[in-house]
Each structure stands twice: as structure tokens, then as C-alpha cells.
Amino acid sequence: FTHLWSVSFAVGPRQGPEAKQITRGRYHVAGFDWLPSGEAIAITHRPMPGFDSWPETRLAIVRANGSSEAPTDIALVADPGNAPMASPNGQWIACYTSDRPVQWGTAGRIALYPVAGGEPRLLAYTPDGCSMLVGWSVDGDAVLAIELTGTTSQIWSLPVSGDAGRPLTS
């Protein structure tokens, strides 16, 4: 199982840093992103380290201080490999989520999950339905994603309102 550890750092002479374990237990951390407050981390995790368990991938939050052994699950996302990304204001976590029922030839879209709990907001589909999360716009009004189409790729802007996305590259 892969787990998260944190190591403090400082500039200048010092003793070697001491690593602090953040996650532990019988689950595999697949991806992560710090929430802007620095107090918690959004993770995607699955029950086994092997890739075959990706349809069981869940989005969760863990305390950054390592005090919580169990992640607080938010949703089943069945994410084959993208890391979650927290919004600049810390209210949302963007994460790729597979369509249901989950199929090995994945199709899905990016969804926004409220950090405080509640229903997710599904963003617009990209043309191929298999986008990769890149980040957030500076103002937090859109999520950026890469979409592979044929032999090319494009960067798409997906408004948080759920309106249709638009390509930023040709």
C-alpha cells in the first residue's frame, strides 16, 4: 500500500527532518492534493495497490496532522489515475469520475465535490469523454483538462457552472 508522509523543511543548518505518517491502513493512496487551508488533504484511494481495483477508487479527505487513521470518504469516483485538485478557495475538489456502470474502456467527466459535503456538480463532457484534470483557472471559475482526440490533444476550459466547455488550444 502507498501512504502519505510529510517532512518539515527549513532553510539553513539543522538536524535531519523527521517524517510524520499522515495515512495508514488497508488502502492504497492513488493521488492527492493539499487543501488551501493546509489542514487537510484530498486523496483518491482504492482497496488494493494493483491497478485492477481502480473501479473501486474513492475520493476522501484526511487530516494533514496524521491524527485520523480512516479517510473521510466523499464519493466513489472510479478514477483510473488522475489526482484530485482542490479549488483555489478550498470549497471544491475537482476529480475525474467514471460514468456508471463502470466499464474498462473508461468514459466519464470531471465532477466538483463540495468539501463541506453535499451533491457533486458534474462538469460538461469533453468530446471524447476521457479528460485528464490539469488544474484550476486562476480565478477558480473553470477547471482545465487535457482531452486526447485521435493523434492530438487539446486543453479544455470547463466552467464550474456546468456550462459547455471550450477548447483553449487547437
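- One hydrophobic cluster holds both L133 and L123 under the rule that ILVMFWY side chains link at heavy-atom gaps under 4.5 Å.
- One finds the CD1 atom of I155 at 11.5 Å from the CG atom of L158 (value rounded to the nearest 0.5 Å).
- One distance of note links OG of S137 with CG of L144; it measures 6.0 Å at 0.5 Å rounding.
- Taken together through direct or relayed side-chain contacts under 4.5 Å among Ile, Leu, Val, Met, Phe, Trp and Tyr, I74 and I41 form parts of separate hydrophobic clusters.
- Heavy-atom minimum distance, L59 versus P84: CD1-CB, 3.8 Å.
- With rounding to the nearest 0.5 angstrom, the CH2 atom of W5 is 10.0 Å from the CD atom of E18.
- With hydrogens and angles ignored, the 3.5 Å screen pairs no side-chain donor or acceptor of D73 with any backbone N or O of A75.
- For the pair E147 (side chain) and Q154 (backbone), a donor-acceptor distance under 3.5 Å is absent.
- Between M132 and Y96 there is no side-chain heavy-atom pair separated by less than 4.5 Å.
- Using a 4.5 Å cut-off on side-chain heavy atoms (C-beta onward), E39 and R63 make contact.
- Across all non-hydrogen atoms, the minimal contact from R46 to A30 is NH1-CB, 3.6 Å.
- Side-chain contact check for P36 versus N89: every heavy-atom pair is 4.5 Å or farther apart.
- A pairwise comparison of heavy atoms in L76 and P55 identifies CD1-O, 3.6 Å as the closest pair.
- L112 has its side chain out of reach of I93: every pair of non-hydrogen atoms, C-beta onward, lies at least 4.5 Å apart.
- Of the possible polar contacts, none joining the T57 side chain to the A78 backbone as a donor-acceptor pair under 3.5 Å is found.
- Put simply, the side chain of T44 gets close to the backbone of G31: a donor and an acceptor are under 3.5 Å apart.
- At least one donor-acceptor pair under 3.5 Å links the side chain of D33 to the backbone N or O of A86.
- Checking side-chain atoms of D128 against main-chain N and O of C130 turns up no donor-acceptor pair under 3.5 Å.
- When atom types are taken as modelled, the side chain of H3 and the backbone of Y27 share a donor-acceptor pair closer than 3.5 angstrom.
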- Test side chain to side chain contact (heavy atoms under 4.5 Å, CB included) applied to I43 and I61, step by step: CA-CA 6 Å; I43 66 169; I61 294 177; over 6 Å; no
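- For OH of Y113, the number of neighbouring non-hydrogen atoms (other residues, nucleotides, ligands) closer than 6.0 Å is greater than 12.
- Side-chain atoms of D141 and P159, non-hydrogen and from C-beta on, never get closer than 4.5 Å to each other.
- Minimum heavy-atom separation, G108 to D99: CA-OD1, 3.5 Å.
- One distance of note links CG of L35 with CE of M85; it measures 13.5 Å at 0.5 Å rounding.
- Closest of all the heavy-atom pairs between A64 and W34 is CB-CZ3, 3.2 Å.
- In terms of modelled atom types and a separation under 3.5 Å, the side chain of S131 and the main chain of A145 share no donor-acceptor contact.
- The shortest distance between side-chain heavy atoms of T126 and R109 does not fall below 4.5 Å.
- Taking 4.5 Å as the limit, every side-chain heavy atom of P71 sits out of range of all side-chain heavy atoms of T23.
- Linking ILVMFWY residues whenever their side-chain heavy atoms come closer than 4.5 Å, directly or via other members, places L168 and L148 in the same cluster.
- Taking NZ from K20 and CG from L4, the interatomic distance works out to 12.0 Å, rounded to the nearest 0.5 Å.
- In terms of modelled atom types and a separation under 3.5 Å, the side chain of H28 and the main chain of M48 share no donor-acceptor contact.
- Formation of a donor-acceptor pair under 3.5 Å by the S53 side chain with backbone atoms of E56 is not found in this model.
- Here CZ of F32 is found 11.0 Å from OG1 of T2. Values are rounded to the nearest 0.5 Å.
- V143 and W92 fall within a single hydrophobic cluster, where Ile, Leu, Val, Met, Phe, Trp and Tyr side chains are chained together by heavy-atom contacts under 4.5 Å.
- Among all heavy-atom pairs drawn from S6 and I22, the shortest one is CB-CD1, 3.7 Å.
- Atom CD of Q21 sits in a crowded spot, with more than 12 heavy atoms from other residues, nucleotides or ligands closer than 6.0 Å.
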